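Heads up: the structure comes next, in C-alpha cells.
The structure displayed is predicted, hence computed values, not measured ones. In what follows, chains are A, B, ... by sequence order, proteins preceding strands, each numbered from 1.
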Number of protein chains: 4
Amino acid sequence: MPKISEEKRQARRLQILDVATRCFARQGFHGTSMEDIVRELKSSPGAVYCYFRGKNDIVAAIAEQRHHRESALLAELLASGDVSEGLQHLARAFLEMLQDPKEKERRKVTIQIWAESLRDKRIRKIIERGIRQRDMLTTSLCRAQRAGQLPENLDTDALSRVLLALLQGFILQQAWEPELDTKGYLTTAMHLINSVFRDAETNPVGCERKQLA
Amino acid sequence: MPKISEEKRQARRLQILDVATRCFARQGFHGTSMEDIVRELKSSPGAVYCYFRGKNDIVAAIAEQRHHRESALLAELLASGDVSEGLQHLARAFLEMLQDPKEKERRKVTIQIWAESLRDKRIRKIIERGIRQRDMLTTSLCRAQRAGQLPENLDTDALSRVLLALLQGFILQQAWEPELDTKGYLTTAMHLINSVFRDAETNPVGCERKQLA
Amino acid sequence: MPKISEEKRQARRLQILDVATRCFARQGFHGTSMEDIVRELKSSPGAVYCYFRGKNDIVAAIAEQRHHRESALLAELLASGDVSEGLQHLARAFLEMLQDPKEKERRKVTIQIWAESLRDKRIRKIIERGIRQRDMLTTSLCRAQRAGQLPENLDTDALSRVLLALLQGFILQQAWEPELDTKGYLTTAMHLINSVFRDAETNPVGCERKQLA
Amino acid sequence: MPKISEEKRQARRLQILDVATRCFARQGFHGTSMEDIVRELKSSPGAVYCYFRGKNDIVAAIAEQRHHRESALLAELLASGDVSEGLQHLARAFLEMLQDPKEKERRKVTIQIWAESLRDKRIRKIIERGIRQRDMLTTSLCRAQRAGQLPENLDTDALSRVLLALLQGFILQQAWEPELDTKGYLTTAMHLINSVFRDAETNPVGCERKQLA
DNA sequence: TATGAATGAGATTTCATTCAT
DNA sequence: TATGAATGAAATCTCATTCAT
C-alpha cells in the first residue's frame with residue numbers, strides 16, 4: 001500500500017544509492033555510517049529503511065547497478081559482429097564514461113565491492129554473475145578465432161581473462177592516480193590486443209596499426 | 001617472563017600477522033574482530049597490543065609485508081639485464097609462489113588492502129610507495145626501447161601500467177576463482193607482451209612464439 | 001518516536017545529570033561506569049550519548065550546573081547594597097540549600113570536580129570562570145572598604161579569598177561529616193567576618209595588628 | 001627473606017612515592033597508569049609490586065605521608081602553650097613549606113586524595129584519623145577559652161573547623177592559582193583569627209554579636 | 001511513508017596485576 | 001628482588017536497526 005507512485009519510489013531509491021555511492025567513495029563502505037548517508041540525504045534513518053533492508057542491501061544494490069552497466073557495455077561490445085572492432089568501441093565508450101565525474105566515484109566503490117565480495121555472500125553472488133558474463137566474451141573470441149582473426153593456438157578463455165584484467169587494473173590504478181593518462185593507457189592496451197588480432201590475420205606485414213583517437 | 005630476544009619478538013610478530021592474515025582472508029578486515037584474532041592466536045588481547053598499536057597497525061604491517069615481497073620480485077625482474085627475459089622470470093616466480101597455500105590468503109588480503117587504501121592514510125602511503133616502484137619498471141622498459149627491443153612510438157609508462165594491470169587483474173580473478181588456469185593466463189599474458197617486444201625486433205616474420213614452460 | 005520538544009529534551013538531560021550526580025556522589029567519578037549510570041537511568045548506553053558526547057561531557061555539564069548555581073548565589077550577595085548584609089544573606093541561603101538532600105550529593109561531586117579540574121582542560125576552564133567571579137566579590141569588598149566598613153589597610157583581595165576558603169572548607173568537611181553542626185560553623189564564620197567589619201567601625205586605628213613576618 | 005637492608009627498602013619505597021606523587025600531581029591519580037610511574041622510575045611493574053600491593057596502596061601511602069606531616073604541624077602548634085602564638089608559628093611554618101617545590105605537587109595530590117576518600121574505604125580511614133586530630137585543636141582552643149583568651153560564648157569546635165577551612169581553601173586556591181599572594185592570604189587570615197582572640201581580651205562582654213537565625 | 005529517539009549488541013582498547021625466568 | 005611479557009576483566013563508545021508517533 002504505497003502512497004507514492006512506483007515511479008517516485010524508484011527515483012528515491014536511486015537518489016539514496018547516489019548519495020550512498022558518494023559517501024562510500026569518500027569514506028569507504030565501513031567508514032560510512034547510516035547516519036552519514038542520512039545526513040547527506042537530508043532524510044531520516046527510518047526513511048532509508050523503507051527502501052532498503054539495511055546497509056548491506058544498499059551495497060548490494062550498488063553492486064547490482066554496476067553489474068547492469070557492465071552487462072550493457074559487454075552487450076554493446078558483442079553486438080558488433082567483429083570482436084576486434086567491438087573492443088575498439090568499448091575502449092572509446094570507456095573514454096567517454098570518464099567524462100562523467102560520478103564515474104570516478106563509482107570506480108572507487110567498485111574496489112570496495114571487490115573487497116566486500118570476499119565476505120558477503122550476497123555481493124559474492126552478484127560478482128559471480130559478472131564472472132559468468134566473461135564466458136560470453138570468451139565465446140565471442142572463440143568465434144573470432146574460428147574466423148581466423150586470432151591465432152589458432154591461442155587460449156581464448158585466458159585471453160578474455162587478460163582483457164578483463166586490463167580493465168580491472170585500470171580501475172585500480174585510476175583510483176590511486178586519478179590523473180593518470182587514460183588515453184595513453186588505452187592506446188597501449190589496444191596496441192597489445194591488436195598485436196594478437198593482427199598476428200592471425202595477415203601478420204607478415206603488420207601494416208597500419210589502428211590507434212585510438 | 002623476562003625480556004625475550006629480538007629474534008623471538010620478531011617471530012611472535014610474524015605469528016600474529018599470519019593469524020591476522022588468515023582471519024582477514026576468511027572474514028575480511030572489517031568482519032574480523034580483535035577477539036577473533038586473539039582466539040585463533042590462543043592468546044589475549046593485551047598480548048597483541050604489545051606488538052601492534054591497534055587493528056589498523058596490523059593491516060598496515062601486512063600491507064608493508066606485501067610491499068616488501070613485491071619490491072623483491074620487481075628487483076629480481078630488473079636484475080636481469082634483459083627486460084623481456086626478466087618478465088619471463090617474473091612469470092615463472094609467480095607460478096612458484098602459487099604453490100604456497102598461504103599465498104592465496106595473502107592475495108585475498110591484498111584486495112582488502114586496496115579497498116582500505118582508499119580511506120586509510122597510512123595504508124595509502126604504503127600503496128603509494130608501491131606505485132612509485134612502477135617507475136623503475138618504466139625506466140627499464142625505456143632502456144629496452146632505446147636498445148630497439150620495443151617499438152619506438154610505444155608509451156613505456158603506459159606499458160608498465162598495462163603490465164601491472166595484468167598482475168592486478170589476475171590477483172582479483174584468482175581471489176574469486178581459486179581454481180582458474182594460472183598457467184594459461186600467464187602464457188597468454190606473456191604472448192601479448194612478447195608481441196610488443198617482437199614487434200620492434202624484426203616483426204615481419206614473427207614466427208616461433210616463445211611459450212611458457 | 002518522532003522529534004521531542006526542546007522542553008522534554010532538557011528534562012531528559014537534567015534527568016541524566018541527576019542520575020549521574022547521584023552515582024558520582026556514591027562511587028566517585030572514576031568509580032562510576034557508564035553502565036552504572038545507564039542502569040540507574042533504566043535506559044541504554046546509546047540514549048545517554050544522544051545527550052552527551054561522553055562521560056567527560058557529563059562531568060563538564062555538572063560542573064557547569066554548579067558554576068551557574070554559584071553565580072546566582074554570588075549575584076544575590078552582591079545585589080544587596082551592603083556587603084556585610086549580603087554575606088548574612090548568603091549564609092542564610094546556604095542553610096536553606098542544605099535542606100535539599102540533593103545538595104549533599106552535589107557537594108560530594110564538587111570535590112570530584114576540583115580533583116578533575118587538575119587534569120581535564122575542559123573542567124579547568126569552567127573552574128577558571130568561577131575563579132574570575134571572585135573578582136566581583138573583591139570589588140564589592142573594596143567598595144565597602146572605601147565606605148569605611150572595612151579597615152583601610154585590609155587586603156580586600158586576600159579577604160575575598162579567605163571568605164571563599166570558608167566556603168570551600170565547609171564543603172569539604174561536610175562531605176566527610178554529613179552531620180556536622182552547620183549552624184555552628186556558619187555562626188562562627190560570620191563572627192569572624194563581622195569582627196573585621198566591626199573593626200573598622202569601632203577601632204579606626206586597628207590597634208597593633210600582628211602581621212606575619 | 002629480603003636480600004636488601006630494611007634501610008634500602010625504605011629508601012626505595014620513598015622514591016616510588018616521590019615519583020608517584022609527581023605523576024599524580026601532573027596527570028591526576030586516574031590519569032596516571034602504573035606504566036607511567038614505572039617509566040619515570042626507570043624500573044619495572046613487578047618491582048613496584050615488591051613494595052606496594054597495588055596502585056591504591058600507593059595512594060594510601062601518600063595519604064599516610066600527608067597525615068604524618070599534618071600531625072607534626074599540629075603537634076608543633078599545640079606544643080606552644082599559647083594557642084594564639086601557636087597559630088602564628090603554624091602560619092610561619094606554612095610559608096616556609098611553600099619554598100619546597102615538591103610541596104606544590106603534594107598539595108595537588110592532596111585534592112586528589114580528598115576526592116578519592118569519598119569512594120576508597122582505605123583512604124577514607126586515613127582522612128578520618130586526620131578529622132579526629134582536629135579534636136586536639138578544639139581541646140586546645142577550649143583551654144584558651146577557659147583562660148579567657150577567647151570569648152566565652154564562642155563555639156570552639158566550630159572555630160577549629162573554621163581554622164581548618166582556611167587551610168583547606170588555601171590549598172585548593174593555590175592549586176588553581178600557583179602564583180597567588182600567599183603572604184597576603186596568611187596575613188589576612190591571621191587578622192581574622194586575631195580578631196577573635198583580641199575580642200576576648202578587649203571586649204569581655206562580646207558586644208551584641210550578630211547571630212545567625 | 002516519514003521521523004528520529006532509543007536500543008543494545010558488540011567492537012576496540014586500556015591497564016592493574018601476575019608470574020615464569 | 002627484579003624483569004617485562006602476558007593476562008583478561010572491564011570500560012567507553014559506536015552504530016545498524018527498530019518502532020511509537
Fill in the blank from the handout: Base-pair string, DNA chain E, Watson-Crick plus G-U, cut-off 3.5 Å on both distances, | for inter-strand, is .||||||||||||||||||||
Handout entry: A/Met34 vs A/Ile58 side-chain heavy atoms within contact, under 4.5 Å
Key =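 Side-chain contact under 4.5 Å: yes.
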Atom-pair distance ([atom1] on [X]; [atom2] on [N]), nearest Å:
X: C/Glu35; N: E/dA11; atom1: CD; atom2: P; answer: 17 Å
X: C/Phe29; N: F/dA11; atom1: CZ; atom2: P; answer: 13 Å
X: C/Lys8; N: E/dG4; atom1: NZ; atom2: C1'; answer: 15 Å

Short side-chain N/O contact from [X] to OP1 or OP2 of [N], under 4.0 Å:
X: D/Ser43; N: F/dA2; value: no
X: C/Tyr51; N: E/dA6; value: yes
X: B/Arg53; N: E/dT13; value: no
X: B/Ser44; N: F/dT7; value: yes
X: C/Lys3; N: E/dT3; value: no

Exercise for the section: Taking atom types as modelled, find out whether C/Thr21 and C/Arg106 have a side-chain donor-acceptor pair closer than 3.5 angstrom. Expected result: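 No pair is found: no donor N or O on one side chain lies under 3.5 Å from an acceptor on the other.
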Problem - Most 5' of A/Val48 and B/Tyr49 on DNA chain E, judged by nearest nucleotide - result: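 Taking each residue's closest nucleotide, the earlier one in sequence belongs to A/Val48.
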Exercise for the section: Please figure out whether C/Gly46 or B/Arg12 has its closest DNA chain F nucleotide nearer the 5' end. Expected result: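 The residue mapped nearer the 5' terminus is B/Arg12.
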Problem - First of A/His30 and A/Pro45 reached from the 5' end of DNA chain F, by closest nucleotide - result: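 Here A/His30 is the residue nearer the 5' end.
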When you measure from the side chain of [X], which nucleotide among [options] comes out closest?
X: B/Met34; options: E/dT13, E/dA11, F/dA16; value: E/dT13
X: D/Ser33; options: F/dA2, E/dA16, E/dT3; value: E/dA16
X: B/Lys55; options: F/dT14, E/dA16, E/dT13; value: E/dT13
X: A/Cys50; options: E/dA2, F/dC15, F/dG4; value: E/dA2

Practice task
Examine distances only and state if a side-chain atom of A/Arg124 and a backbone atom of B/Trp176 form a donor-acceptor pair shorter than 3.5 Å.
Solution key: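 Yes.
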Exercise for the section: Using a cut-off of 6.0 Å, state whether more than 12 heavy atoms not belonging to C/Gln27 lie near its atom CD. Expected result: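 Check passes, neighbour count above 12.
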Handout entry: Which residues share a side chain to side chain donor-acceptor pair (under 3.5 Å) with B/Ser33, sequence neighbours left out
Key =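 Partners of B/Ser33 by the side chain to side chain donor-acceptor pair (under 3.5 Å) criterion, ordered by chain and then number, come out as B/Asp36.
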Handout entry: Cationic tip of B/Lys55 above B/Phe29 ring, under 6.0 Å, 45° of axis
Key =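 That pair qualifies as a cation-pi contact.
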Problem - Residues A/Glu40, A/Arg26: salt bridge by 4.0 Å N-O rule - result: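 Looking at A/Arg26 together with A/Glu40, the answer is yes, because their closest N to O distance falls below 4.0 Å.
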